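Nothing here was measured: the structure is a model prediction, and the numbers come from that model.
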Amino acid sequence: MYKLTVLYGHPEDPAAFDAYYWEKHVPLARTMPGLTGWTIGKCDPDPSGAQPPYYLVVGLYAPTRAGIEATLDSPEGRATVADVANFATGGATFLWDVERVVVPVELPATE
């Protein structure tokens with residue numbers, strides 16, 4: 001399984017980021033073809049209360065890197081990537097990797 005991780009830095013206005021992300025970006029991203037999985041995690045402070053380096057972590061999954069690249073190269077994928085500049089005031093880092101499952105996990109679908 002191949003994974004593209006998107007790490008969003010802390011936005012200037014978290015409430016505006018959240019509103020835009022869930023109301024505009026997620027519906028746009030849902031139109032991207034070829035994904036076999038998608039996770040979104042909002043980062044919490046560590047036990048000492050220290051803020052993590054990232055605000056939001058997103059995982060996009062496909063069987064291969066070529067599959068992720070095809071998703072992003074589709075008209076819907078290009079529109080979704082272009083939209084990141086509209087809300088990610090804290091920046092966004094994209095990491096590409098092959099996932100190895102050590103202990104299988106099944107997450108409930110929630111929003």
Side-chain angles (χ1 to χ4, degrees):
M1 181 67 56
Y2 207 86
K3 179 181 177 186
L4 172 60
T5 302
V6 184
L7 304 171
Y8 290 101
H10 290 275
E12 294 168 6
D13 181 343
F17 177 101
D18 291 346
Y20 190 98
Y21 187 80
W22 289 104
E23 295 168 17
K24 300 200 185 230
H25 189 70
V26 167
L28 179 62
R30 282 185 184 275
T31 68
M32 294 189 301
L35 295 177
T36 58
W38 183 3
T39 59
I40 301 170
K42 195 169 191 179
C43 300
D44 285 336
D46 72 15
S48 75
Q51 288 296 322
Y54 299 103
Y55 182 73
L56 197 73
V57 177
V58 176
L60 302 174
Y61 296 85
T64 63
R65 181 176 178 134
I68 291 276
E69 289 175 352
T71 294
L72 297 181
D73 196 39
S74 69
E76 300 88 349
R78 287 192 301 272
T80 299
V81 171
D83 188 51
V84 170
N86 292 325
F87 66 92
T89 57
T93 302
F94 290 70
L95 303 175
W96 303 75
D97 71 276
V98 174
E99 287 286 292
R100 283 186 165 173
V101 177
V102 177
V103 177
V105 61
E106 186 172 327
L107 303 173
T110 60
E111 271 194 40

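- Residue V6 is grouped with residue I40 when hydrophobic side chains (ILVMFWY) are merged at heavy-atom distances under 4.5 angstrom, including chains of intermediate members.
- The structure places CG of L72 at 6.5 Å from CE of M32, a figure rounded to the nearest 0.5 Å.
- Shortest non-hydrogen contact noted between P53 and H10 is O-CD2, 3.8 Å.
- Taking 4.5 Å as the limit, some side-chain heavy atom of W38 sits within range of a side-chain heavy atom of V26.
- V98 and Y61 fall into different hydrophobic clusters, where Ile, Leu, Val, Met, Phe, Trp and Tyr residues are linked whenever their side-chain heavy atoms come under 4.5 Å apart, directly or through other members.
- Distance CZ/F94 to OG1/T5: 10.5 Å, rounded to 0.5 Å.
- Pairing each heavy atom of P27 with each of W22, the nearest pair is CD-O, 3.4 Å.
- To the nearest 0.5 Å, the span separating CG on L60 from OG1 on T39 amounts to 7.5 Å.
- Taken to the nearest 0.5 Å, the OG1 atom of T71 stands 9.5 Å off from the CG atom of L4.
- The shortest non-hydrogen separation linking A62 to G67 is CB-C, 4.1 Å.
- Under the side-chain hydrogen bond (donor to acceptor under 3.5 Å, both in side chains) criterion, K24 pairs with no residue, sequence neighbours left out.
- Nearest heavy atoms, T36 versus P63: CG2-CD, 3.7 Å.
- Residues Y21 and V58 meet the side-chain proximity criterion, which asks for heavy atoms closer than 4.5 Å.
- Sorted by first and then second residue, the pairs that involve residues 42-63 and meet salt bridge (charged side-chain N to carboxylate O under 4.0 Å, His left out), not counting sequence neighbours, are D18-K42.
- Side-chain atoms of P11 and Y55, non-hydrogen and from C-beta on, do get closer than 4.5 Å to each other.
- By the 30° and 60° cut-offs, the orientation of the rings of Y2 relative to W96 is tilted.
- Under the side-chain hydrogen bond (donor to acceptor under 3.5 Å, both in side chains) criterion, D83 pairs with Y20, H25, N86, not counting sequence neighbours.
- In this structure, M1 CE and D97 CG are separated by 12.0 Å, a value rounded to the nearest 0.5 Å.
- T89 places none of its side-chain heavy atoms less than 4.5 Å from the side chain of D13.
- A pairwise comparison of heavy atoms in Y54 and C43 identifies O-CB, 3.2 Å as the closest pair.
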